[in-house]
Amino acid sequence: CVNPALVRSGARPGDLIWHSGALGLSQTGLHVLWANEQGPADAGWAGAIAAHRRPRPQLALGAWLSRNRLAAACLDLSDSLAQCTLQVAEASKVGLLLDFSHYRFAAAVQAFAKARQAKRAVKPGFRIPARYQPSGQPARWSSLAHYLLASAEDYQLLFTAPPAATPKLLSNSPVPLLQLGTVMDAGEGCFYRDENGRTLPLTRIGFEHL
């Protein structure tokens, strides 16, 4: 029996949104490499650099999801997180809400952002100086969620699944999974809630192919 293909177009309102692994590591590794910066040993930047240099596509997870018919929609996170989630929404003709209010950000991503927060900052967020950027232009992110949404090349899997699949996903998955949000009706639009509790429109940010 051939396992069914994993497609982007199967998400339905009420599905939960999941992903494998830790997101933002590859992007953080790129910034650290570009600036030739040595971080503290406990920041996990070596892991971020390894994630950028040697990504590991989640083939075993994809085969498991397909074999057990658990994923309604699925794609790999090679483009930015924001673009990939919007691709699922468009292909499936649904809305969605990504919720970072209680999300477990990777320790290396948190350390990288904290090191770039301005002292006595009035607004939340952090700034990445030009020397960390391949573009040579500085960037400012309003939150960790905002930064994560623009991050790319993690090569983890993003997928949706009905709530009934949750026990099996948490107990039997070959790799750790994190819940990221909820699929909604198309008319409700696409939004994200950052770690500071602000709900904002989800837009196409991050690298785009020509």
Is any side-chain heavy atom of [X] closer than 4.5 Å to a side-chain heavy atom of [Y]?
| X | Y | value |
| --- | --- | --- |
| Leu61 | Leu177 | yes |
| Ser80 | Arg204 | no |
| Tyr192 | Leu148 | no |
| Leu157 | Cys74 | yes |
| Leu81 | Leu180 | yes |

What do you reckon, is [atom1] of [X] surrounded by more than 12 foreign heavy atoms closer than 6.0 Å?
| X | atom1 | result |
| --- | --- | --- |
| Arg127 | CZ | yes |
| Arg198 | CZ | yes |
| Arg67 | CZ | yes |

Check for me whether Arg193 meets the cation-pi criterion with Phe191, that is, NZ or CZ under 6.0 Å from the six-membered ring centre and within 45 degrees of the ring axis.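 Not flagged: Arg193 not positioned over aromatic ring of Phe191.
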How many angstroms lie between CG in Asp99 and CD1 in Ile17, if you round to the nearest 0.5 Å?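 Result: 10.0 Å between the selected atoms.
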Check: Gln156/Ser20 side-chain N/O donor and acceptor closer than 3.5 Å: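 Yes.
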Flag for Tyr155-Ser26: side-chain donor and acceptor within less than 3.5 Å: no
Using side-chain contact (heavy atoms from CB on, under 4.5 Å), reason through Val94 and Arg12 one step at a time and then give a plain yes or no. CA-CA 7 Å; Val94 296; Arg12 297 292 179 265; 5.5 Å; no
Arg104 bridged to Glu195 by N-O distance under 4.0 Å: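 No, no charged N to carboxylate O under 4.0 Å.
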Are the aromatic ring centres of Tyr103 and His19 under 6.0 angstrom apart?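 They qualify: ring centres under 6.0 Å apart.
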Over all atoms of both residues, closest heavy-atom pair of Trp141 and Ile128: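 What the structure gives for the nearest pair is NE1-CD1, 3.5 Å.
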Please test Phe159 against Leu75 for side-chain contact (heavy atoms from CB on, under 4.5 Å), starting from the C-alpha separation and ending with a verdict. CA-CA 7 Å; Phe159 65 94; Leu75 82 171; over 6 Å; no
